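Residue numbers begin at 1 in each chain, while the letters A, B, ... track the order of the sequences. All of these numbers come straight from a predicted model, not from anything done at the bench.
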Amino acid sequence: MRLATWNVNSLTARLPRVLEWLEQQAPDVLCIQETKIAEENFPHAELRELGYVAATYGMGQWNGVATITKVDAAEVTRGFDEEPGFPDPEARALAVTWNDLRIWSLYVPNGRTPDDPHYDYKLRWLAALRVALAAEREAGRKLVVCGDFNVAPNDRDVWDMAAFEGSTHVTQPERDAVKALLELGLTDLQPRIVKGEPFTYWDYRAGNFHKGLGMRIDLMLLDEALTPKVKDVWIDRDARKGKKPSDHAPVVVDLD
DNA sequence: ATGTCACAAACTTTGTGA
């Protein structure tokens, strides 16, 4: 079984790359983020031609999350209880039941800068998410929680900690908020190191990708009961290359 | 590092968000 997560940075702009990737890697489940597409414009027909079905949550322009599965997913929920907005709710969380798994596709608020109201929103959002996930966990669901967390959990998950002085993504409150999710019984699956890097995101600017200046902010959190079944966790770095790439690469987990 | 990319509104350019 192959599960993957990928911030596509506009499904409209990325559709050819996403379709090509689905054909090449044939995941059973692909969670995508930053679809930036309204429900009525979602490319269901193109996906169906490849044998996929999508569950979607999008308001257009910004944010937007979805799951793309080979078999139709059930019990689709958009957002979660007590989810904060900025000020209104945004399309940042979608969960589906697929086989015996409860799969979440998340796009955590960026935070902008630590002194911005968006940073407080990010922390409140993550705290509310924890409550929602705890409820599902207590109901006995096997959780897969993946997406763009906009948090680098460890120092090794950025190219140079000194470059992040005063920046979001690496602050202790953000890392604590992610750690609090793991304490629900989830494992932050560690991808194989490629070219000495665990990175999943590289800024488009300044040739950062080619200089190895990236971050690991796209995470795959797996119910710890399932971790013995993990065969491989890897980043498809090649998806960051070539024509019109997303600034994120897919994270893939292969399970028995 | 501030070099790119994507979006929308008003347009062939700019402000915003990442």
**Request:** Give one of base, sugar-phosphate or nothing for A/Lys211, where a contact means two heavy atoms less than 4.0 Å apart.
**Result:**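 Contact class for A/Lys211: base.
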
Taking atom [atom1] in both [N] and [M], compute the distance separating them and give it to the nearest angstrom.
N      : M      : atom1 : value
B/dA18 : B/dA1  : C1'   : 15 Å
B/dA6  : B/dA10 : P     : 23 Å
B/dT16 : B/dT2  : C1'   : 15 Å

**Message:** Of all nucleotides in DNA chain B that come within under 4.0 Å of a heavy atom of chain A, which is furthest toward the 5' end and which toward the 3' end?
**Reply:**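 Endpoints of the contacted stretch of DNA chain B: B/dT2 to B/dA18.
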
**Asked** Quick one: are the ring centres of A/Phe86 and A/His118 less than 6.0 Å apart?
**Response**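 They qualify: ring centres under 6.0 Å apart.
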
**Asked** Does the pair A/Trp125 and A/Phe80 meet the rule for a ring pair (Phe, Tyr, Trp, His ring centres under 6.0 Å), with working shown?
**Response** CA-CA 10 Å; A/Trp125 196 91; A/Phe80 50 84; 5.2 Å; yes

**Prompt:** Within the side chain of A/Gln190, is there an N or O that forms a donor-acceptor pair under 3.5 Å with the backbone of A/Asp188?
**Reply:**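 It does hold such a pair.
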
**Asked** Taking A/Ser105 for the side chain and A/Ile32 for the main chain, is one N or O donor matched with an acceptor at less than 3.5 Å?
**Response**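 Here the side-chain-to-backbone pair exists.
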
Under 3.5 Å, side-chain donor or acceptor atoms of residues 44-51 of chain A against the rest of the protein: list the pairs with distances, not counting sequence neighbours.
none

**Message:** I want to confirm an ordering. Mapping A/Trp159 and A/Asn150 to their closest nucleotides on DNA chain B, which one lands closer to the 5' end?
**Reply:**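 Result: A/Trp159.
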
**Residue met sooner reading DNA chain B from 5', once A/Thr35 and A/Tyr107 are mapped to nucleotides** =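 Per heavy-atom nearest nucleotide, the more 5' residue is A/Thr35.
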
**Item:** Heavy-atom neighbours of A/Glu165 CD exceed 12 at 6.0 Å
**Value:**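 Atom CD in A/Glu165 is not crowded, with 12 or fewer foreign heavy atoms closer than 6.0 Å.
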
